[in-house]
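Below, chain A is the first sequence line, B the second, and so on; all start at residue 1. Note that this is a predicted model, so its numbers are computed, not measured.
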Number of protein chains: 2
Amino acid sequence: MTELEKGPTGRRRGRGARERILGASQQLFREQGINRTGMDQLCAAAEVSKRTAYQHFTSKDELVAEYLRRFDPTVLSGVFDRTDLTPRERLLAAFDIPATTPLCPYIAAAVELHDPQHPASQYARDYKKAVAARLADTAREAGADDPEQLGEQLALLIDGAAARTRVLDADAFPTAAAIAAVLIDNAIPAG
Amino acid sequence: MTELEKGPTGRRRGRGARERILGASQQLFREQGINRTGMDQLCAAAEVSKRTAYQHFTSKDELVAEYLRRFDPTVLSGVFDRTDLTPRERLLAAFDIPATTPLCPYIAAAVELHDPQHPASQYARDYKKAVAARLADTAREAGADDPEQLGEQLALLIDGAAARTRVLDADAFPTAAAIAAVLIDNAIPAG
DNA sequence: GGTTAAGCACACAGGGCGGTGTACTTAGCA
DNA sequence: TGCTAAGTACACCGCCCTGTGTGCTTAACC
């Protein structure tokens, strides 16, 4: 006599609570921020009882850490995997994507959590370094003089565009892309 | 028989509460963040009773707005006023200063308040635009081809360095300064 | 010296949040 | 069919936070 909806697996709504919690986190933490999203609201959105949530994650901090660790990087990695683009085009394409995303969740998390020792802050650093490394790889592929430097510079541009977009409420990625074009042309001997 | 300390004006500690509140805000909001700083703590630091604080500011939001509106921009404006430097040197000097400041308080406020309609968010936008305008002025003075564009670009670099410094817990301003040097040299015909 | 504005001390209301306790229900499996 | 793991519903605790009410004290100025 249950009126609960059945998922694609044919299981009861309740099954797979952990994934639904993480899914709701992705949405709510980004839209509203971490501190402004209470566990009550999050559980309601995930269609999960609060008790269950605290059986999967011992605390909200742990949930936040997992949310950042598991942050879906397909948006950015998708750019690096596009074989139809030249390395130079791939570097520039990195500035087209994030315009849709309001602000890099790692920057927001670093501000909101405000504790460099927080496990989530560690994941944020890891992610930032990983992005810079991938940019450096592509820069090397493009034949840049100093790929590490260029990768770090491009990563800084992305973060700057993200932060400025957030504060000014206006897309700053075109400006960043223009700078990137200059840097890339300066760093690649042949052009 | 009062044991209260006397200030330089000879007045009782209690006088000038508003200024002390704003002063404590400057320190605590920056060090701990806005949301993590309670009014109790702030009043204690300002040596002001809570009741008095709420007579000067009807709400914490109003205090936050005033804190941002009154944010002391001498650090940055001091750079622009240095007549001993060439315009080009002044543009580059803008990347030496903010290393001491943990993160531009406006970026932090935009994340913490999370509401573009918040009056403080308006002040944040005003400040960002003002900085970009001053950079553009100096760029024009330096003979740049497109001063507005260069000013916007340099402002983005500053924000990027600030954000990245915060997340990575490592000074990113040298990287930003290196990019700035490239942009400036590219934008000024004579060099 | 008396008036007035500014400030103080302190308790407390009201609400939200993180987190827990308890008793019940369901799905899957042997 | 009966056991177990997963989930549910819901009340509840304690904490902290913003904001207020009340009565008292002090400084400044005429």
Side-chain angles (χ1 to χ4, degrees), chain A residues 1-25 28-29 32-67 112-115 118-120, chain B residues 1-25 28-29 32-67 112-115 118-120:
Chain A
M1 192 72 67
T2 171
E3 302 181 8
L4 300 174
E5 301 160 12
K6 307 263 182 174
T9 62
R11 283 167 167 172
R12 184 165 163 269
R13 183 194 77 199
R15 287 296 147 112
R18 188 184 175 89
E19 294 309 310
R20 289 207 310 283
I21 295 168
L22 260 351
S25 303
L28 292 178
F29 285 162
Q32 310 182 347
I34 295 171
N35 292 335
R36 300 181 97 84
T37 302
M39 289 299 284
D40 283 320
Q41 184 196 4
L42 197 147
C43 290
E47 288 183 303
V48 159
S49 82
K50 221 163 130 190
R51 208 70 194 79
T52 300
Y54 278 97
Q55 262 147 14
H56 283 286
F57 306 95
T58 63
S59 69
K60 186 182 180 181
D61 276 341
E62 190 179 305
L63 170 59
V64 170
E66 188 67 10
Y67 148 71
E112 288 204 86
L113 303 178
H114 211 273
D115 175 16
H118 194 290
Chain B
M1 192 72 69
T2 170
E3 302 181 5
L4 300 175
E5 301 161 12
K6 307 260 182 175
T9 63
R11 283 168 167 172
R12 183 166 163 269
R13 185 195 74 199
R15 286 296 148 113
R18 188 184 174 89
E19 294 308 311
R20 288 207 310 284
I21 295 169
L22 259 352
S25 303
L28 292 178
F29 284 163
Q32 310 181 347
I34 295 171
N35 291 335
R36 299 182 99 83
T37 301
M39 290 298 284
D40 283 319
Q41 184 195 3
L42 197 145
C43 290
E47 288 184 303
V48 159
S49 83
K50 222 162 121 191
R51 207 68 193 80
T52 300
Y54 277 97
Q55 261 146 16
H56 283 286
F57 306 95
T58 63
S59 68
K60 184 181 179 180
D61 277 341
E62 190 180 305
L63 170 59
V64 169
E66 188 67 10
Y67 148 71
E112 288 205 85
L113 303 178
H114 210 273
D115 176 16
H118 194 292

What integer distance in Å separates [X]:[atom1] from [N]:[atom2]?
{"X": "B/Glu19", "N": "C/dA6", "atom1": "CD", "atom2": "P", "value": "14 Å"}
{"X": "A/Phe57", "N": "C/dC17", "atom1": "CZ", "atom2": "P", "value": "19 Å"}
{"X": "B/Arg18", "N": "C/dG7", "atom1": "CZ", "atom2": "P", "value": "10 Å"}

Next on the checklist: Does any part of the side chain of B/Arg51, heavy atoms only, come nearer than 4.5 Å to the side chain of B/Tyr54, both counted from C-beta?
Outcome noted: yes
For the pair [X] (side chain) and [Y] (backbone), establish whether a donor and an acceptor sit closer than 3.5 Å, ignoring hydrogens and angles.
{"X": "A/Ser25", "Y": "A/Ile21", "value": "yes"}
{"X": "A/Lys60", "Y": "A/Gly38", "value": "no"}
{"X": "B/Arg20", "Y": "B/Cys43", "value": "no"}

Checklist entry - Which one of A/Asp61, A/Leu63, A/Val64, A/Leu28 satisfies the side-chain contact (heavy atoms from CB on, under 4.5 Å) criterion with A/Ile34? => result A/Val64
Checklist outcome for this item: By side chain to side chain contact (heavy atoms under 4.5 Å, CB included), B/Glu62 pairs with (sequence neighbours left out) B/Phe57, B/Thr58, B/Ser59
Checklist entry - Is the shortest side-chain N/O distance from A/His56 to OP1 or OP2 of D/dG7 below 4.0 Å? => result yes
Item to check | Presence of B/Thr52 side-chain N/O under 4.0 Å of C/dC8 phosphate oxygens OP1/OP2 | outcome: yes
Item to check | B/S/- contact track for nucleotides 15-21 of chain D, protein heavy atom under 4.0 Å | outcome: ---BBBB
